[in-house]
Colleague: 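Provided herewith is a single structure, encoded as structure tokens, for subsequent inquiry.
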Amino acid sequence: MLRTHHCAQLTSADLGTTVSLVGWVDSIRDHGGIIFVDLRDRKGITQVKFDSSLREQATHLKDESVIGITGKVEVRPADMVNRNLPTGEIEVDATGLTVHNLSDTPPFPLTDAGGDKVNEDLRLTYRYLDLRRPKMRKNLAVRHRATKAVRDYFDAQEFIEVETPALFKSTPEGAREYLVPSRIHPGQFYALSQSPQQFKQILMVAGVEKYFQIARCFRDEDLRADRQMEFTQVDVEASFIDREGIYALFEGMLKKVWKDVLDHDLPTPFPRLVFHEAMNRYGVDKPDVRFGLELQDFTGLFKTSSFKVFASTATAGGAVKALNAKGLADLTQGEIKALEEIAKSLGARGLAFIKVEGGEWKSPIVKFFSEAEKAALTAQLGITDGDMVFFAAAPWEQACAILGRIRLEAAQLLVKRGKLTLRPDDWQFLWVVDFPLMSYDEARGGYAATHHPFTAPVPEDAAFLDSDPKKVRGQHYDVVLNGMELGGGSIRIHQPALQKKDFEEVLKIPADVVESRFGYMLKALTYGAPPHGGIAFGLDRMCALLCGTTSIRDVIAFPKTQKGQCLMTQSPTPVTEKQLKELHIRTVLPE
RNA sequence: GGGGUGGUAGCUCAGUUGGUUAGAGCGUCUGCCUGUCACGCAGAAGGUCGCGAGUUCGAGUCUCGUCCAUCCCGCCA
């Protein structure tokens, strides 16, 4: 037996007991005649004392070595108790020492504070060391508990977990896929599943009624702090359910996860915001509602303005929107410039602003405003001294998006100045609903599904499918937490005729393509498909939020870098000619 | 594909206007130390300044290119 106890177990009640512990050397304090070693395992730390004949051997230990010790539990002298350790009342007087593995000096400090500062590429190269840090071990545990809470919840609701294939067929709509060459079928490919969407709908046709899966998904798109090439989705689908049913089901799940993981009681139901209002007030479809700084609309006011830039936009069907960044009149030239650059990157021609200082409006555009316009702005935006007002004049959605982004930047600038606090544990969940079913894709010159082509229209809007598709709202919903899209889903189309019409007449996918790509699905719908709907959400993102981090890399054991590499295993790599030949593949490298 | 930030000792960083031998803290190593728990004290070692060109009498510092990490835009039905 390598150990009798773990390193967080012993107390003064164990006085005099002979015990064996194994673990990693967390730190060594060598006093010459006496050596203290903090021994660490996954449960905690116990101080081991070497002052016998073992002292000489112990001087050769190094941090992070794996050792086993045998010894007698002693109670520490009263003034030597370490109140910071659960085992701080005792220590083990070592009488036996086995060095299982002497460690090289780690390339970076394995403490929470020290490791957080280290460049992430180093942490990823030595991920097995990074994961020894208490914070990372805690993150792994949080992920486990969250995942378990999800499974327990759906199990209790009589859902069953069904596995679906990772190797799917290629469907070039939507996200770029990872292709997998078929050895048996030369020149043909599978695609790694972007999500189990189609299989879960088929499972509804199969009569499963209540399905869920913790599913790995793959998308060959550029990576971000909240996006990895492979990620984990909690995928749910149910028959005979409507939107209200989904909201209640999902709120129940989140309530349980927050309770089980954080012992926090989430208030439900979550507020709901229709898409149009989310855009109007926050300039984004995933608003962070922990702070105000809401957008205001002045399109009407400026229709007749002598300020041509605003007036022409307003009369041409665009929108003029403004945002009062309260208390940000002290922005530096550089900060204003940076905001302008952001606005420009979203297609704005500039970023008009009013700086309110010393009772005066300092702005290059204010000379064009009439007294009535100034009064209206003051009233609606609540302008007082020390404020900074930003404007956007553009087509409605773009104007909203520009100020939506400026709103987030302004919040960060306020946080930087200590004028705003954004607590990560201020859990502001909400549903965003009533998305447009279709959006017009300028580049392609046609309509594209906002969510995916299986989303059912809101029944009372279905009549507009032919006449004015962009007016049709989809039965789609997103669940948003503090500016992050946690997940989304919809009630699906279950009538084959409507689904076919959607593909062919609205999305304008040629009939033969529809048949080859979705034929099996349309056929399945003809055999008594029940009304159904579901939701999918990012487990990685949820765990990141539960852990108080914004990067999902912190809750994935072995994540990839922004260039898609695993720095620890050095993948991807070239493969042998033999492998390529077997797969009937020839590579053509870029110039 | 584009923009921002960063790359100097094992780690985190400083490095002035281009100018002698590139510094600090932590870590490492050696010695001392029987009550520490971020132990302490004394000493030492440790650098292709990401890489490659260029300008210059002289480049960590300026210019160009390139690689890597990260944040963002595009992209992510």
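Order of the sequence lines fixes the chain letters, A, B, ..., with proteins taken first and strands second; residue numbering starts at 1 for each chain. The analysis underlying the following values was restricted to heavy atoms, covering all of them including side chains, and did not include hydrogens, waters or symmetry mates.
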Colleague: Decide if atom OH of A:Tyr126 counts as having more than 12 heavy atoms of other residues, nucleotides or ligands within a radius under 6.0 Å.
Modeller: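 For A:Tyr126, atom OH is not crowded (no more than 12 foreign heavy atoms under 6.0 Å).
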Colleague: Which one is paired to B:G54, where only Watson-Crick or G-U wobble pairs with both distances under 3.5 angstrom count?
Modeller: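 WC or wobble partner is B:C62.
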Colleague: Could you check whether A:Glu91 gets within reach of a base, just the sugar-phosphate, or nothing at all, counting any heavy atom under 4.0 Å?
Modeller: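 Base contact - A:Glu91 has a heavy atom under 4.0 Å of at least one base atom.
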Colleague: Any base atoms under 4.0 Å from A:Arg553, or only sugar-phosphate, or nothing? Heavy atoms, all strands.
Modeller: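 Here A:Arg553 touches the backbone only, sparing every base.
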Colleague: Answer yes or no for this row: A:Phe108 ring on B:C11 base, centroids under 5.5 Å, planes under 30°.
Modeller: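 No.
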Colleague: So that I can tick it off, tell me whether A:Asp226 and A:Arg224 are bridged by a salt bridge, with the cut-off set at under 4.0 angstrom between side-chain N and carboxylate O.
Modeller: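 Salt bridge: no.
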Colleague: Report the distance from atom CG of A:Asp30 to atom P of B:A38, rounded to the nearest whole Å.
Modeller: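 After rounding, the reported distance stands at 17 Å.
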Colleague: Determine the contact category for A:Asn119: base if any of its heavy atoms lies under 4.0 Å from a base atom, sugar-phosphate if only primed atoms, P, OP1 or OP2 are that close, otherwise nothing.
Modeller: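 Touches sugar-phosphate only.
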Colleague: Of all the choices, B:U34, B:C71, B:C11, which nucleotide is nearest to the side chain of A:Leu122 once you look at every atom?
Modeller: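 So the nucleotide nearest the side chain must be B:C11.
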Colleague: Which is true for A:Arg224 with a 4.0 Å heavy-atom rule: it touches a base, it touches only sugar-phosphate, or it touches nothing?
Modeller: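 Answer is base: heavy atoms of A:Arg224 come under 4.0 Å of a base.
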Colleague: Which part of the nucleic acid, if any, lies within contact of A:Glu120, taking any heavy atom under 4.0 Å across all strands shown: a base, the sugar-phosphate backbone alone, or nothing?
Modeller: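 Sugar-phosphate: the residue A:Glu120, judged by heavy atoms under 4.0 Å, touches backbone atoms but no base.
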Colleague: Grab the CD-P distance between A:Gln197 and B:C76 for me, whole Å please.
Modeller: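 Nearest whole value for this atom pair: 17 Å.
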Colleague: Tell me which nucleotide among B:C37, B:U70, B:C76 gets nearest to the side chain of A:Gln562.
Modeller: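 Closest of the options to the side chain of A:Gln562: B:U70.
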Colleague: How close or far is atom P of B:U36 from atom CZ of A:Arg29, stated in whole angstroms?
Modeller: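 The distance from CZ of A:Arg29 to P of B:U36 comes to 10 Å, rounded to the nearest Å.
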Colleague: Is the backbone of A:Cys7 close enough, under 3.5 Å, to the side chain of A:Asp41 for a donor and an acceptor to pair up by distance?
Modeller: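 Yes: the side chain of A:Asp41 pairs with the backbone of A:Cys7.
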Colleague: Expressed as a whole number of angstroms, how long is the span from A:Ile35:CD1 to B:C39:P?
Modeller: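 A:Ile35 atom CD1 is separated from B:C39 atom P by 14 Å.
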Colleague: What does A:Arg76 touch in the nucleic acid at a heavy-atom separation under 4.0 angstrom: a base, only the sugar-phosphate, or nothing?
Modeller: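 Here A:Arg76 touches the bases of the nucleic acid.
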Colleague: Could you state the atom-to-atom distance from CG of A:Asp38 to C1' of B:C39 in whole Å?
Modeller: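 The distance from CG of A:Asp38 to C1' of B:C39 comes to 11 Å, rounded to the nearest Å.
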Colleague: Is there a donor N/O on one and an acceptor N/O on the other, under 3.5 Å, for the side chain of A:Arg227 and the base of B:C76?
Modeller: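 Yes, the side chain and the base share a sub-3.5 Å donor-acceptor pair.
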Colleague: What's A:Arg405 touching, base or sugar-phosphate or nothing? Going by heavy atoms closer than 4.0 Å.
Modeller: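 If one applies the 4.0 Å heavy-atom cut-off, A:Arg405 turns out to touch the sugar-phosphate alone, with no base involved.
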Colleague: Return the orientation label for the A:His494 and A:His532 ring planes: parallel under 30°, perpendicular over 60°, tilted otherwise.
Modeller: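 Perpendicular: the ring planes of A:His494 and A:His532 meet at over 60°.
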Colleague: If you look at every strand shown and take non-hydrogen atoms under 4.0 Å, does A:Gln565 touch a base, only sugar-phosphate, or nothing?
Modeller: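 Contact class for A:Gln565: sugar-phosphate only.
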Colleague: Nearest whole angstrom, please: distance from the C1' of B:G6 to the NZ of A:Lys117.
Modeller: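 Spelled out: NZ on A:Lys117 to C1' on B:G6 is 16 Å.
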Colleague: Less than 6.0 Å separating the ring centroids of A:Phe168 and A:Tyr190?
Modeller: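 No.
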Colleague: Closest to the A:Ser27 side chain: B:C39, B:U28, B:U36?
Modeller: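 The answer is B:C39.
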Colleague: Rounded to whole Å, how long is the line connecting atom CD of A:Glu74 with atom P of B:G35?
Modeller: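 Atom-to-atom, A:Glu74 to B:G35, this comes out as 15 Å.
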Colleague: Starting at CG of A:Asp63 and ending at P of B:A38, how long is that distance when rounded to a whole Å?
Modeller: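 Rounded to whole Å, this separation is 14 Å.
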Colleague: Compute the centroid of each ring, for A:Phe250 and then for A:Phe537, and state whether the two points are separated by less than 6.0 Å.
Modeller: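 Aromatic pair counts; centres sit under 6.0 Å.
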Colleague: Can you check whether any acceptor in the base of B:G74 is under 3.5 Å from a donor in the side chain of A:Asp222, or vice versa?
Modeller: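 In this structure, the two groups form a donor-acceptor pair.
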Colleague: By nearest atom, which of the nucleotides B:A69, B:C29, B:C39 is closest to the A:Thr561 side chain?
Modeller: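 Side chain of A:Thr561 sits closest to B:A69.
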Colleague: Considering Watson-Crick and G-U wobble pairs with both distances under 3.5 Å, what does B:G43 pair with?
Modeller: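 Partner of B:G43: B:C29.
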Colleague: Under 4.0 Å between any heavy atoms, over every strand shown, what does A:Lys49 touch: base, sugar-phosphate, or nothing? Just pick one.
Modeller: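 Here A:Lys49 touches the bases of the nucleic acid.
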Colleague: Measuring from the side chain of A:Pro109 (C-beta onward, heavy atoms only), which nucleotide among B:C75, B:C72, B:C11 has the closest atom?
Modeller: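 It is B:C11.
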Colleague: Which one, B:G27, B:C68, B:C76, comes nearest to the side chain of A:Thr105?
Modeller: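 Given the options B:G27, B:C68, B:C76, the side chain of A:Thr105 is closest to B:G27.
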Colleague: Which nucleotide, in any strand shown, forms a Watson-Crick or G-U wobble pair with B:A24, with both distances under 3.5 Å?
Modeller: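 B:A24 is paired with B:U12.
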Colleague: Would you mind classifying the nucleic acid contact of A:Ile45 as base, sugar-phosphate or nothing, using non-hydrogen atoms under 4.0 angstrom?
Modeller: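 Result for A:Ile45 = nothing.
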Colleague: Under 3.5 Å for both donor-acceptor distances, Watson-Crick or wobble: does B:G6 have a partner, and if so which one?
Modeller: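 B:C68 - that is the nucleotide pairing with B:G6, both distances being under 3.5 Å.
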Colleague: Taking atom CZ of A:Arg417 as the centre, does the number of heavy atoms from other residues, nucleotides or ligands within less than 6.0 Å exceed 12?
Modeller: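 Enclosed.
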Colleague: Starting the side chain at C-beta, find the nucleotide from B:U28, B:C39, B:C71 nearest to A:Ser551.
Modeller: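 Minimum distance to the A:Ser551 side chain belongs to B:C71.
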Colleague: Does the structure show a Watson-Crick or G-U wobble partner for B:A38, both distances under 3.5 Å? Name it, or say none.
Modeller: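 No nucleotide pairs with B:A38.
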Colleague: Hey, does the side chain of A:Lys62 come within less than 4.0 Å of B:C29's phosphate (OP1/OP2), counting only N and O?
Modeller: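 For A:Lys62, the contact criterion (side-chain N or O under 4.0 Å from OP1 or OP2 of B:C29) is met.
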Colleague: If you look at every strand shown and take non-hydrogen atoms under 4.0 Å, does A:Asp121 touch a base, only sugar-phosphate, or nothing?
Modeller: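 Sugar-phosphate contact only.
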